[in-house]
Amino acid sequence: MNRSKVVPLSKPVLFAACLIPIFLLAWNGLHGNLSANPISDITNETGIWALRFVVITLSITPLRKITRWHWLTKFRRMAGLFAFFYGSLHFMTYIWLDQFFDWQSIAHDISKRPFITVGLASFVLMIPLAVSSTQKMIRRLGGRKWDILHRLIYLTAGGAVVHYIWLVKVVTYRQLTYAVLVVVLLLFRVVWKYRSLSAKLSHQTEEPVVPSSGF
Amino acid sequence: MSIKKQPEIPFSEITPEALYRHRREFLRNTGIAIAGAAAYSIFPQNISSVFAQDNKTWKPSHPSAFDTSEELTPYNDITTYNNFYEFGLDKDDPARNAGSLKTAPWTVAVEGHVKKPAVYHLEEIVKRETMEDRIYRHRCVEGWSMVIPWFGFPLSNLIKRVEPTSAAKYVAFETKFAPDEMPGQRSGVLQWPYVEGLRMDEAMNPLTLLAVGLYGKPLPNQDGAPIRLVVPWKYGFKSIKSIVKISFVENQPPTSWNLSAANEYGFYSNVNPEVDHPRWSQAHERRIGEFFKRKTLMFNGYADQVAGMYTGMDLRKNF
């Protein structure tokens, strides 16, 4: 089948698939299938899916460059917005179900608990990305500026992993798996950048490299 | 030090008569025969509440003066929401995986500075005691709590029987080590076996319990069968499960969570709303089954009984 047809067809299917975690959570909640501490379950579930979607979003570009399946980019915005969706649910669970709008306690948590601080920062950094995700905003900002702004996702990813590591009693393979994934995905970008830079430089070897002032 | 093996008690003496008479049938039918028979054997036959699980109607048949009158956490929650890393990291893992733990026959080694060191059969320890229901608050270091009707006897009774010498300043406890029965012990999450300890006065405190049941029924494996410690004014991880060894020692013994993260989990680990865990607050807790968080009480509400043991101590330093 033609790729130009695959992408538009698979979008609604993938969209529905991305909603399965929240559907399952709601189903289990309504049928009493959650544990004795359902608020904790909802917090954990929405949090882990936010992190998973951040990782999925981050892996699209490397995957595209390796496979040259350029149509993958078409799904990047959806993955990113689902990261924001689950992150928002996670944030709301904390504010509403866990703390029940006890602003004093929330302020105390944010200022005193590094894992909350980092988690909140990771979420807040996604807001400008979600807001600027429309075609209109991309045009308004211009591709270059938009690209730079959307590198904030690197901070979100790092912050989310630190948040996860800091909130558990013992660090296990679960947290380490996400840490390794994020490090690898970020390292890929560094290596890629370095390679394209040195490729550019080797093109220009005939010309003398003039060091610019200030560097 | 001599560890003498005590003679085994005939099953007819410790098993309900009806069960004993039909034991072959019982063995055949259940398939988990030995474990089942032993679990029943340590329980008096006349507990009317044995099969009641409803937290609204259940009444203790052997009440104690230390009982809290707060609403009990349902049996189902107490037995499906557990931290028992020997059986996995998730709260529902112990209920799913703890079936592999063999709880019979079960022995508890008593050693160290005592006049009567021995390896005791569980039945020997239990049959000498008068069992009580003890309805205690249980506060996990993670910030949730329950109200649990334990069934057991004061640790001090056992300590008096084995006669510690004046050299015994601390009591150290050890969980069974059997990686083939406890799959979590094949991973390196914690150092195995799980170990815990109390100062002698803490161990002798009338609140400190050796529990063999809850809701008047034998402890399910996930809750620390067949015998566990209950120290209600300390965070839950101090109440070590499935105990196979009790040692009377001179120096403060190592404890598992302290070995894992010394800056986060101290030897004392008394419930204290004013001393936060380095990464989260301990001022509030979520009682299982409730929506709103409640304030955590000093020494989990047992200050009257235990605060005296810590006068003059800096509880921030000795967290």
Side-chain angles (χ1 to χ4, degrees), chain A residues 24-25 28-29 31-45 47-48 92-121 159 161-178, chain B residues 55 73-83 85 88-96 138 140-148 184 187-191 222 235-237 256-261 264-265 276-295:
Chain A
L24 278 180
L25 188 60
N28 286 328
H31 289 79
N33 294 337
L34 297 181
S35 77
N37 196 349
I39 295 177
S40 167
D41 297 342
I42 296 168
T43 310
N44 293 341
E45 226 21 44
I48 199 69
M92 280 314 293
T93 308
Y94 167 72
I95 299 284
W96 182 20
L97 298 181
D98 190 61
Q99 298 287 329
F100 203 74
F101 308 109
D102 182 346
W103 299 111
Q104 203 186 332
S105 164
I106 291 167
H108 187 84
D109 258 5
I110 293 168
S111 62
K112 274 276 197 62
R113 316 279 155 227
F115 91 90
I116 301 264
T117 321
V118 174
L120 179 75
V161 165
V162 171
H163 171 70
Y164 192 18
I165 287 174
W166 276 351
L167 71 89
V168 292
K169 279 201 297 191
V170 262
V171 177
T172 63
Y173 66 92
R174 293 182 188 183
Q175 293 78 35
L176 293 179
T177 305
Y178 289 101
Chain B
N55 66 319
T73 302
Y75 180 85
N76 188 52
D77 289 349
I78 299 172
T79 55
T80 58
Y81 195 75
N82 307 94
N83 277 324
Y85 283 10
L89 298 171
D90 290 329
K91 296 287 188 287
D92 56 345
D93 283 341
R96 267 191 285 124
H138 177 86
C140 178
V141 74
E142 296 166 350
W144 52 268
S145 64
M146 294 184 176
V147 177
I148 304 177
S187 79
V189 195
L190 290 171
Q191 287 179 41
Q222 61 267 33
Y235 292 118
F237 65 85
S256 283
W257 278 103
N258 182 257
L259 291 171
S260 164
E264 301 192 344
Y265 310 98
D276 287 338
H277 184 279
R279 290 179 288 143
W280 57 80
S281 164
Q282 293 293 24
H284 295 88
E285 67 198 50
R286 173 162 285 113
R287 178 67 51 84
I288 294 302
E290 293 181 353
F291 180 74
F292 293 106
K293 285 190 173 180
R294 51 166 72 211
K295 282 202 161 79

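Each chain gets a letter, A, B and so on, in the order its sequence line appears, and its residues count up from 1.
When heavy atoms are compared at a cutoff of 4.5 Å, B:R279 approaches chain A by way of both its backbone and its side chain. Contacts between B:N83 and chain A at a heavy-atom distance below 4.5 Å involve the side chain alone, from C-beta outward. Contacts between A:S105 and chain B at a heavy-atom distance below 4.5 Å are absent for every atom of the residue. Only the side chain of B:K293 comes within contact range of chain A, with at least one heavy atom under 4.5 Å from a heavy atom of that chain. Of the two parts of A:V171, neither the backbone nor the side chain holds a non-hydrogen atom closer than 4.5 Å to a non-hydrogen atom of chain B. B:S260 touches chain A through its side chain: at least one heavy atom from C-beta onward sits under 4.5 Å away, while N, CA, C and O do not. Looking at A:L97, the atoms closer than 4.5 Å to chain B (heavy atoms on both sides) sit in the backbone and in the side chain alike. For A:N44, no part lies near chain B; criterion is any non-hydrogen pair under 4.5 Å. Residue B:F291 touches chain A through both its backbone and its side chain, counting heavy-atom pairs closer than 4.5 Å.
Here the closest heavy-atom approach between residue B:I288 and residue A:A36 is recorded as CG2-O, 3.4 Å.
Atom CG of A:D41 is separated from atom NZ of B:K91 by 9.5 Å, given to the nearest 0.5 angstrom. Atom OG of residue A:S35 and atom CH2 of residue B:W144 lie 9.5 Å apart, to the nearest 0.5 angstrom. The CG atom of A:N37 lies 8.5 Å from the CE atom of B:M146; values are rounded to the nearest 0.5 Å. Interatomic distance, B:F292 CZ to A:I39 CD1, rounded to the nearest 0.5 Å: 9.0 Å. If you take CZ on A:R113 and CG on B:D276, they are separated by 4.5 Å, rounding to the nearest 0.5 Å.
Listed by first and then second residue, the salt bridge (Lys or Arg N to Asp or Glu O under 4.0 Å) pairs involving residues 161-172 of chain A are A:K169-B:E142 (not counting sequence neighbours).
Not counting sequence neighbours, the partners of B:H277 by the ring-ring contact (aromatic ring centres under 6.0 Å, His included) test are B:Y265, B:W280.
Inter-residue side-chain proximity for B:P278 and A:W166 is flagged as unmet; no heavy-atom pair is nearer than 4.5 Å.
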